[in-house]
J.: 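Pasting a structure below so you can have a look.
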Amino acid sequence: MKDLYYDAVVIGGGAAGMAAALEIERGGHGVAIVEREDFLGGILMQCIHAGFGLKVFKEELTGPEFAERFIEAVLQSSIAVYLGTTVTKLVPWTATNGGGDLGREQEKGVSTSPFPRWELFCVSPEVGVFRILTRAVVLAMGCRERNRGNIRIPGSRPAGIYTAGLAQRLVNIEGYIPGRNIVIIGSGDIGLIMARRMSWIGCTVQAVVEIMPYPSGLTRNIVQCLDDFGIPLYLSSQVTNIFGNHRVEGVEVTPMERGVLIREKAFRLSCDTVLLSVGLVPENELSRTAGVELHPSTGGPVVDSRLMTNLPGIFACGNVLHVHDLVDWVTEEASFCGKQVTQWLAGKMVLRQVPCRAGANVRSVTPNKLNVEEDNPLYLRSMIVANETDLEVRLDNRVIKRIQKSHVQPSEMITLSLGKKELEGVREDSVVELALLPHQ
Amino acid sequence: MVKTPSPCLNPSAQGTPSYDVVIIGCGVSGANIARRLSAYRLRVAVVEKAADVSFGTSKANSGIIHGGFHHPKKYLKSRLEIQGNWMFDRLHQELGFPFKRCGIIVAALHEDEMKAVEHLYWQGRENGALGLELCSRERLLSLEPQLSPEVVGGLYAPAGGIIEPYRFVFALVESALTNGVHLYTNWKVVDAHWNTEKKEWRLVNQEGGSLSARFVVNAAGLYADEVSRLFGAEEYIITPRKGEYFLLDRLTPVRPERVVFPVPSALSKGMLVIPTVEGTVLVGPTADPALSKEDVATTAEHLDIILEAGKRLVPGLNRNDVITTFAGLRPVLGEDFYIEPSTKVPSLIHVAGIQSPGLTASPAIGEYVKDLLKAAGLELTEKPDWNPCLPPRPQARNLSPYEWDDLVQNDPAWGHLVCRCETVTEAEIVEAIRQGHTTLDGIKYFTRAQMGRCQGAFCTYKIIKILMRETGMSYEEITKHGETSQILRGAL
């Protein structure tokens, strides 16, 4: 079994992983990307629709075009890339585990630094099982889709029930049509984009059924993927049964009033396919087994102002940290994370941090601590749909910043920055709280 | 392109091949009978109407090797349960399917329930169950710390265990086929004639194909009544009784070590919490009449009831850990198993009404049916070259890094992780296909790929590609579980 050493290892070669690795390499450290697919780019590669890069590149790119810019940069850098390689285990490095051939490896990007902290067990068809020893790990494994079992839709279990992302992979990469006559459950972005995609290839999309009274995807996707194609969106409605023994034959839709199912208003839609777009979950199984503490609201790790988890040297960024709605935000966050890793590897410490948490009408805030000395990019999600709202930042119940928001809704992430200036006057036990307060 | 696992799987049936024994139905009963008979110099065939074995009742049950205390001694099923339970260690050694004698607990949540627990204790003693203990609250909580603090005491049956039911059937079938039994899948018996002259049955399938048999064993599960009617044998009615389940992720923090039963009611053993042998947790089943023998739909009302019932026993169970729900059907025919030769027609043996504890009893059912066949005139000569053992089959999720690395060095497919949730490699998928599992569900039950928390969202397309490559099947031929369950409906 082969042992390798890098200053930092990035798990996942999607948007987040590539952006983070590029920053670490720019900082002069040896870094490797471990990617389980046979290509870099992650889920972007199956997102062949446009709309990526408006913030980062100021132009409208498709997913693969957006990814390509990063892939080019990675391939031209000294970053070591392990494709078709899965990390099976992440554990603290201990000298008693052996140590291997430290310093003897002549791979790209190998550093001679002698202090690994973590070891990753990896497996690939070409190399077999091997071990990477490293000082820092960046978790960038993205997220997975919630499935039928997670939302407990009762009924039979025929063929023809897919997550929207699987359908997207089948259509856009493999070239197969998973079904002809479709009902989409949930109005998440991938589901909306698949509604348009399936219409384009000649399939019928009967409806999108959303349990909440408001859409859970971006407004622009409701307009471009449903309205433009005349696809009905049933809000406050639930799919309460799936029919069909071998292949899906239909679904039962039940409207809700004030959160209660109105059984007598239930109706049936015939279809041969159900696509699920009912939310994304950060993919933290590896982190969890390594002992990374997870945040109950985001499903991602609890992180400090450097995006470092409770385990020293393990960082997280992108959708594995919290689910973003734009790849541009992922990239921005991952670059920030890469810079923090570089500083940490160089031995730079953060002197003072202050905890940061969700207040009124806010579901989650990332990161969970702020650096008192520097600018902190912050991401938060609303729990409410409202026009004319104040985003209030309070330090120990004193409002230190107020931003007017013309519209907020849960599906649209809010970003802001808090810096040294705003955080003046923090004490040892200070807390920053973010709240969304609609105008009365 | 892949060879069929054995010439014994779907051998070309030109004309009317003749057999000493034909078993109808390849669930756990049929598979056990077939494997038992494979030890003798006999021509034996199993016919199965589904695309793969174990796709009926045997697929969706609790996977429990019962402790022998739930039923009174007067029943045949109690005797077969005890005997079957004892047989699992050896079967496990020979066939290597996942099995663990984790023990069973019956937890009483109220002093009043202790009367029933005591009854179970004495009933089990009378049946011959080994090692039963009556437990105080303290003893029970030390055995199973995840239990509700409300428990007042209960029963402990250390001989109880857990298996993966479909993997058990697959192993039995593989062993039977290795020893020369023929298996025909997608073979539904639609007609049967007794030839008085030749003293044999002629069985006809849905496509007009036929087999002849000196003896027939009706192990058709839910459809045993319909098969009996085809033979002009006894009239009886199998009622489907539905059991719905929740499956929890292997990362749930509250997986108990032992199977936890409530105190049973008159109708059923109740809803229980089962640590499966592969590391997940199962909660269920309900016991309600099904609408039909095809009705394996889950219902919103019951799914809520199950989780609440599970939480009474193990309070830490959490909705957020649910990865799927499913239902299975029990073939109910009175109180006891019905395993008897027909008195109306010759050379037919009924193996019907095999509901719980059918899985536990199944090896003993194999033994019992062998004896019934002998009594009916089937001559049994042992094969000197009978091989009871299957070769060990490594699984990536259970290997040390060094063992795993060795496998990749010999076959790179071991290094390609297909199912990330359950750690299944391409090599294991290919092995499933080579064993004849060519539907997505068959591959799922053989390997566990698609069975984890993402329920196939990441690996399904990879499995489809491997399946097409290995078998030469077109995309239109890929199904979930055979018949009209196609996965793909067109190509771009």
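A, B, ... follow the sequence lines: proteins, then strands. Residue 1 opens every chain. Note that the structure is predicted; figures quoted are calculated from it, not measured. Excluded from the calculations below are hydrogen atoms, water molecules and symmetry mates; all remaining heavy atoms, backbone and side chain alike, are included.
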J.: Please walk me through it: do K480(B) and D441(B) pass salt bridge (Lys or Arg N to Asp or Glu O under 4.0 Å)?
T.: CA-CA 5 Å; K480(B) 186 174 190 291; D441(B) 277 355; 3.3 Å; yes
J.: Would you say N319(A)'s side chain and G142(A)'s backbone share a donor-acceptor pair under 3.5 angstrom?
T.: no
J.: Between T484(B) and chain A, with a heavy-atom cut-off of 4.5 Å, which part of the residue counts as in contact: side chain, backbone, both or neither?
T.: both
J.: Is chain B contacted by the side chain of N245(A), its backbone, both, or neither, given a heavy-atom distance below 4.5 Å?
T.: both
J.: Do T240(A) and R263(A) come close enough that some side-chain heavy atom pair is under 4.5 Å?
T.: yes
J.: Side-chain contact test, heavy atoms from C-beta onward, threshold under 4.5 Å: evaluate it for V281(A) versus C143(A) and give yes or no.
T.: no
J.: Apply salt bridge (Lys or Arg N to Asp or Glu O under 4.0 Å) to E48(B) and K188(B), showing your working.
T.: CA-CA 6 Å; E48(B) 168 56 55; K188(B) 182 183 178 183; over 6 Å; no
J.: Check for a donor-acceptor pair, side chain of N150(A) on one end and backbone N or O of N320(B) on the other, with a separation under 3.5 Å.
T.: no
J.: Can R453(B) and E283(A) be counted as an ion pair, charged N to O under 4.0 angstrom?
T.: no
J.: Tell me, for E126(A) versus chain B, whether the close heavy atoms (under 4.5 Å) come from the side chain, the backbone, both or neither.
T.: neither
J.: Counting N and O atoms only, with roles assigned by atom type, does the side chain of Q409(B) sit under 3.5 Å from a partner on the main chain of D406(B), one being a donor and the other an acceptor?
T.: no
J.: With a 4.5 Å limit on heavy-atom distance, are the side chains of D3(A) and F130(A) in contact?
T.: no
J.: Of all residues at least two apart in sequence or in a different chain, which pass the salt bridge (Lys or Arg N to Asp or Glu O under 4.0 Å) check with D272(A)?
T.: R489(B)
J.: Given heavy-atom pairs under 4.5 angstrom as the criterion, report whether the side chain, backbone, both or neither of F458(B) touches chain A.
T.: side chain
J.: Please flag which part of V296(B) lies under 4.5 Å from any non-hydrogen atom of chain A: side chain, backbone, both or neither.
T.: backbone
J.: Are there residues of residues 52-62 of chain B that reach to under 4.5 Å of chain A by heavy atoms, and which ones?
T.: none
J.: Mind checking what makes side chain to side chain contact (heavy atoms under 4.5 Å, CB included) contact with E249(A), not counting sequence neighbours?
T.: R268(A)
J.: What part of E285(A) lies closer than 4.5 angstrom to a heavy atom of chain B: side chain, backbone, both or neither?
T.: both
J.: Taking side chain as everything from C-beta outward and backbone as N, CA, C, O, which of these in E37(A) sits under 4.5 Å from a heavy atom of chain B? Side chain, backbone, both or neither.
T.: side chain
J.: Counting a contact as any heavy-atom pair under 4.5 Å apart, which residues of residues 160-172 of chain A contact chain B?
T.: Y162(A), T163(A), L166(A), R169(A), L170(A), V171(A)
J.: I'd like to verify something: which residue of H416(B), Q455(B), R319(B) has the highest number of heavy-atom pairs under 4.5 Å with chain A?
T.: R319(B)
J.: Using modelled atom types only, decide if a donor and an acceptor are shared between the side chain of R131(A) and the backbone of F121(A) within a distance under 3.5 Å.
T.: no
J.: Top residue by heavy-atom pair count (under 4.5 Å) with chain B, among R146(A), R180(A), K89(A), R288(A)?
T.: R288(A)
J.: In terms of heavy-atom proximity below 4.5 Å to chain B, should T88(A) be classed as side chain, backbone, both, or neither?
T.: side chain
J.: Indicate yes or no for a side-chain donor-acceptor contact from T289(A) to the backbone of L286(A) under 3.5 Å, with no hydrogens or angles considered.
T.: yes
